Amino acid sequence: MLAEFVGQTVESTLLDPDDCWQPTDFLPDFSQPDVMDELIQLRERTDNIPDSVISSLVGNMITEEALPSYQTYFNLMVNEERDLTSGNGWVRWSRAWTAEENRHGDLLNKYLYLTGRCDMKKVEQTIHRLIYNGFNPQTNQDPYQSIVYTSFQERATKISHVNTGKLADKAGDNSLSRICKTIAGDEARHEKAYKTFMTKIFEIDPNGALKSFEQMMRKQIVMPAVLMAEGAKNPNIFSDFSAITQKIGVYTTWDYARIIEHLVALWKIETITGLQDGMAKAQDYLCNLASRYKKIAERMKVPDEINLEWLSNKKMAF
Ligand SMILES: [Fe+2]
Ligand SMILES: [Fe+2]
């Protein structure tokens, strides 16, 4: 029943490949004679973007580039037939979703490459390392927890791209701002769909859904790129990246708290009915969680300025 609903959502929420934007819509066209002028303009626009914003954007791009791990994870969860061409709603969703997501890393990677602001080899090594290490959102093979995770994470990603777009605008790069807003638009559609899947699960199985939501939040939502530093020469890359997004307001503990608040309200956790004995504890835990994170956010001190190895150290006049 749910698979059928998910299949319908592919049609209503995801786009036909022919109607989708593609990375080249936002990039200089190397087949055109004026490409060098376009490149000069791109360099002029991106020269004034603060290092911290470039670092944060690189981290977002690396997160998007580990898509092979996310598709693998999703299929392990939903693809019971072990057939990637299956007509099952979940499998169709996973293909269409992956195809949309695949453009995000492509576009940001190419754009950042053209800015000349990055040490691209270091960036590529981090992408390599992250895919090499895999992805563990700690959902314990529980499909409900994985839908809670994806609902949360798509919203978190949307917030990061929206905030990066605002900072790009402020720095005078309205092309980058348009890129970030466009990607955020995709994430918003994905977020809406995952939240709707979970809403359906709450209707069908309120006890199981509530239990999974509680279990997921007790473990905390780890960022998809959390393993980027595991085994790397610099073991602090991920924590440095997180500190930067916190410092410049791209993604903060406040956002984490507000996402919980949003999901708790959306799934009507406070007034949910048809619960078994003992579930009131889970309800209480979830209803009080956002304010606990807000208290943590209030007490957090602003991290120091950090320079990440992803940045190029020589600025070239172009
Ligand atoms: Fe994405
Ligand atoms: Fe997404």
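As the structure lists them, so they are numbered: ligands from 1, and atoms in each ligand from 1. Predicted model, so just to flag it, every value in this text is computed and none were measured.
Rounding to the nearest 0.5 Å places OG of S55 at 11.0 Å from CG of N60. From Y256, atom OH reaches atom CZ of F152 across 4.5 Å, with rounding to the nearest 0.5 Å.
Residue contact annotation: E187 places an N/O/S atom under 2.8 Å from the Fe ion (ligand 2). With 2.8 Å as the limit, E64 counts as an N, O or S neighbour of the Fe ion (ligand 1).
Taking the six-membered ring where tryptophan is involved, the planes of Y194 and F197 are perpendicular, since the angle between them exceeds 60° and thus also 30°.
Of all the N, O or S atoms in E101, the one closest to the Fe ion (ligand 1) is OE1. Taking the Fe ion (ligand 2) as reference, the nearest N/O/S atom within E154 carries the name OE1. Nearest to the Fe ion (ligand 1), among the N, O or S atoms that H104 has, is ND1.
Under a cutoff of 6.0 Å and an axis angle of 45°, R178 and F26 do not form a cation-pi pair.
Inspection of the Q220 and Y293 side chains reveals an N or O donor paired with an N or O acceptor under 3.5 Å.
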